[in-house]
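What follows is a set of notes on a single structure, which appears directly below.
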Amino acid sequence: MSVKRPKGTQDFLPAGSPGFSPEFGASNLNFLTATAQQVLERAGAKLIFTPVFEEAELVKRGVGDSTDIVRKEQFTVSHHGDHGGYILRPEGTASLMRAYMENGLKQLPLPLKLWTHGPMFRAERHQKGRYRQFHQLDYEIIGSDAALVDAEAIALMWNVIEALGLKHARIKLGSIGDAADRERYNAYLRERFTPLYDQLSPDSQDRLTRNPMRILDSKAPVDQELIADMNIQPMLDFLGEEAAAHFAEVQRTLHAWGIPFDIDPTIVRGLDYYRRTAWELHHEGVGAKSALGGGGRYDGLAQALGAKDPIPGIGWALGVERLLIAMQDEGLTFPAPPRPALFLAALDADQLAVTAELALGLRHLAQVEFAYRPLKMKQIFSEAERRNAVWVGFLGSDEAASQTVSLKNLDTGEQRVVAQAALADVL
RNA sequence: GUGGGUUUAGCUCAGCAGGUUAGAGCGCCGCUCUGUGGAAGCGGAGGCCGUGGGUUCAAAUCCCAUAAUCCACCCCA
């Protein structure tokens with residue numbers, strides 16, 4: 001075995017495969033998207049799909065070229081050896097806003113709710129819940145800056161979690177204010193930490209220039225001890241009047257709707273276009289960073305992509321693999337893939353053609369499989385069981401002569417002989 | 001990019017004071033078994049022990065490198 005799947009990727013296998021891991025069964029992906037679809041489409045979200053590769057410029061401008069994603073995690077797409085200026089998308093929001101702007105979607109009733117799902121790509125060293133190709137469920141609502149829209153977006157994310165049966169997820173809610181608020185806060189943090197530069201961990205020394213807010217949730221013990229003694233004001237103290245009112249209304253609405261959340265003043269966004277409301281969904285089972293997903297308002301995105309006027313928007317993404325790991329961690333079971341209603345086999349070569357014809361004729365009704373060569377009685381039952389069929393049916397010379405099929409229900413043991421023409425009634 | 005663990009059959013793993021044809025369980029294929037199931041017994045296929053060097057009379061076993069994998073840091077979903 002010399003050819004392997006690319007580093008940091010994984011195969012989602014059919015149940016029963018050797019080496020099958022229950023949380024990454026192929027049918028689990030369908031289950032998650034179907035669950036999200038029900039929740040989101042009942043709220044009026046429209047399904048949309050965009051390419052998995054985009055112009056590098058979109059990601060650079062939409063995600064921010066100071067972020068790790070752009071600095072070191074991009075997969076570039078080349079064509080005939082020439083770099084085509086494309087990269088595999090690392091996230092979905094910029095693509096959806098691009099599609100909104102490019103295709104005149106503002107003609108649809110606004111604000112427009114969109115949802116999508118699919119693979120994303122980041123060239124990272126992978127670890128638990130973190131892969132180079134991973135999947136996201138994505139919801140965005142474009143065209144309104146109302147706090148009610150923020151609250152609904154958070155509620156919908158929570159509804160998806162509830163629909164999946166997860167009990168131990170927690171929403172951490174914060175606000176990063178408007179652009180000016182964040183600038184003032186970053187200036188404040190630099191002012192406080194710069195005199196203590198030598199006492200910071202090396203990582204935080206770097207953060208001080210790139211993203212001071214990250215220092216506050218540093219895991220390094222030296223940082224934590226330092227911060228504990230400094231009496232640092234939280235970001236929320238720096239919110240402007242409008243941002244503060246907006247944040248208060250989001251909280252009030254979530255309370256009214258019974259959506260549980262904790263205020264977390266350390267919430268930071270790695271992507272540059274976020275404004276005001278930001279939140280993360282955490283779960284202890286998924287590994288080091290424990291985030292199942294995150295969301296935020298991105299009123300600055302459209303203009304970063306070249307729009308003349310601002311287009312407000314807010315959205316979230318859930319990591320599919322992380323949801324699956326969390327479900328596994330909580331002991332939730334995944335729906336079993338569909339099982340055959342009937343497995344048909346012939347005892348002799350003479351009846352083989354009949355079993356095949358019968359099987360094909362029944363497939364508009366149910367999942368029906370058949371054997372491609374005559375089998376012995378033991379084999380017929382064994383093969384039917386391996387496929388987890390509900391009914392096993394077989395034809396020998398007797399059945400062929402009388403145009404019947406002998407049936408046995410593998411769950412109940414019920415046994416009967418029916419006319420071939422009446423097989424459909426049994427299923 | 002940094003640090004640590006792991007890498008032997010399809011799967012899970014044993015073997016590693018270096019010693020001659022490399023093992024188990026499960027799975028797979030066949031037979032016992034020529035009309036009614038999950039069993040049992042017997043038999044069989046399947047590994048140049050991740051890869052490349054080195055030490056040695058001799059390497060799955062010791063050393064070096066490299067890759068993959070898992071976990072953590074950074075960062076993110």
Side-chain angles (χ1 to χ4, degrees), chain A residues 1-10 13 16-21 63 66-73 89-93 117-138 157 201-204 206-207 210-211 214 217-220 268-271 280-283 286-295 315-326 343 345-348 351 374-389 391-400 406-413 415-417:
Chain A
M1 184 60 179
S2 56
V3 178
K4 296 179 177 173
R5 65 176 180 265
K7 178 178 178 169
T9 63
Q10 54 193 325
L13 302 171
S17 313
F20 176 76
S21 56
V63 175
S66 70
T67 59
D68 278 12
I69 290 176
V70 171
R71 285 167 56 214
K72 58 184 188 184
E73 296 172 1
R89 63 181 182 189
E91 54 93 50
T93 302
H117 61 86
M120 307 293 165
F121 306 86
R122 295 181 196 178
E124 297 183 280
R125 286 280 287 271
H126 74 278
Q127 61 193 59
K128 188 170 187 182
R130 196 176 93 177
Y131 309 97
R132 291 186 150 196
Q133 174 173 336
F134 61 102
H135 299 78
Q136 285 188 339
L137 291 168
D138 220 304
M157 187 196 222
S201 69
D203 279 337
S204 285
D206 188 41
R207 291 181 180 115
R210 286 206 297 125
N211 197 345
R214 290 270 178 219
D217 62 351
S218 169
K219 283 182 192 165
V268 183
R269 283 278 81 97
L271 312 187
E280 292 171 3
L281 187 72
H282 284 261
H283 193 282
V286 300
K289 193 69 179 193
S290 80
L292 293 179
W316 50 255
L318 284 166
V320 165
E321 287 80 359
R322 292 182 179 186
L323 289 173
L324 295 174
I325 289 169
F343 176 74
L347 284 162
D348 311 301
Q351 300 99 38
L375 298 177
K376 296 175 194 169
M377 190 58 72
K378 293 276 188 187
Q379 292 175 310
I380 292 175
F381 277 81
S382 165
E383 291 293 313
E385 278 158 11
R386 287 185 59 190
R387 288 166 173 74
N388 195 27
W391 288 92
V392 58
F394 57 88
L395 276 79
S397 50
D398 295 351
E399 288 85 354
S406 290
L407 290 173
K408 186 163 185 177
N409 187 305
L410 291 171
D411 293 341
T412 65
Q415 195 161 329
R416 54 205 283 194
V417 178

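Order of the sequence lines fixes the chain letters, A, B, ..., with proteins taken first and strands second; residue numbering starts at 1 for each chain.
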Find every protein N or O atom lying less than 3.5 Å from an N or O atom of nucleotides 35-40 of chain B, and list the pairs.
residue, atom, partner, partner atom, Å
G35(B), O6, S397(A), N, 3.1
G35(B), O6, D398(A), N, 3.1
G35(B), O6, E399(A), OE1, 3.4
G35(B), N1, E399(A), OE1, 2.7
G35(B), N1, E399(A), OE2, 3.1
G35(B), N2, E399(A), OE2, 2.2
G35(B), N2, S406(A), OG, 3.4
U36(B), N3, Q415(A), NE2, 2.6
U36(B), O4, Q415(A), NE2, 3.0
G37(B), O2', E385(A), OE1, 2.8
G37(B), O2', E385(A), OE2, 2.4
G37(B), N7, K408(A), NZ, 3.1
G37(B), N1, L410(A), O, 2.8
G37(B), N2, L410(A), O, 3.0
G37(B), N3, E385(A), OE2, 2.5
G38(B), O4', E385(A), OE1, 3.2

Between the protein and nucleotides 45-52 of chain B, which nitrogen or oxygen pairs come in under 3.5 angstrom?
none

With the sugar-phosphate defined as primed atoms, P, OP1 and OP2, and the base as all remaining atoms, what B/S/- string results for nucleotides 5-12 of chain B, 5' to 3', for protein heavy atoms under 4.0 Å?
-----SS-
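A close approach under 4.0 Å does occur between a side-chain nitrogen or oxygen of Q127(A) and OP1 or OP2 of A72(B). Neither OP1 nor OP2 of U69(B) sits under 4.0 Å from any side-chain N or O of R5(A). The side chain of K219(A) contributes an N or O atom lying less than 4.0 Å from OP1 or OP2 of C73(B).
In terms of the side chain to side chain contact (heavy atoms under 4.5 Å, CB included) criterion, residue partners of A317(A) (sequence neighbours excluded) are, by chain and number, Q136(A), D138(A). In terms of the side chain to side chain contact (heavy atoms under 4.5 Å, CB included) criterion, D398(A) has no residue partners (sequence neighbours excluded).
Using a 4.0 Å heavy-atom criterion, one finds that E124(A) contacts the bases of the nucleic acid, with or without backbone contacts as well.
Residues Q133(A) and T9(A) bring no donor and acceptor atom of their side chains to less than 3.5 Å of each other.
Put simply, CZ on R386(A) and CZ on F343(A) are 10.0 Å apart, with the number rounded to the nearest 0.5 Å.
Consecutive Watson-Crick or G-U pairs involving RNA chain B, each under 3.5 Å on both distances, make up stems of three or more pairs at B:1-7 with B:67-73, B:10-13 with B:23-26, B:28-32 with B:40-44, B:50-54 with B:62-66.
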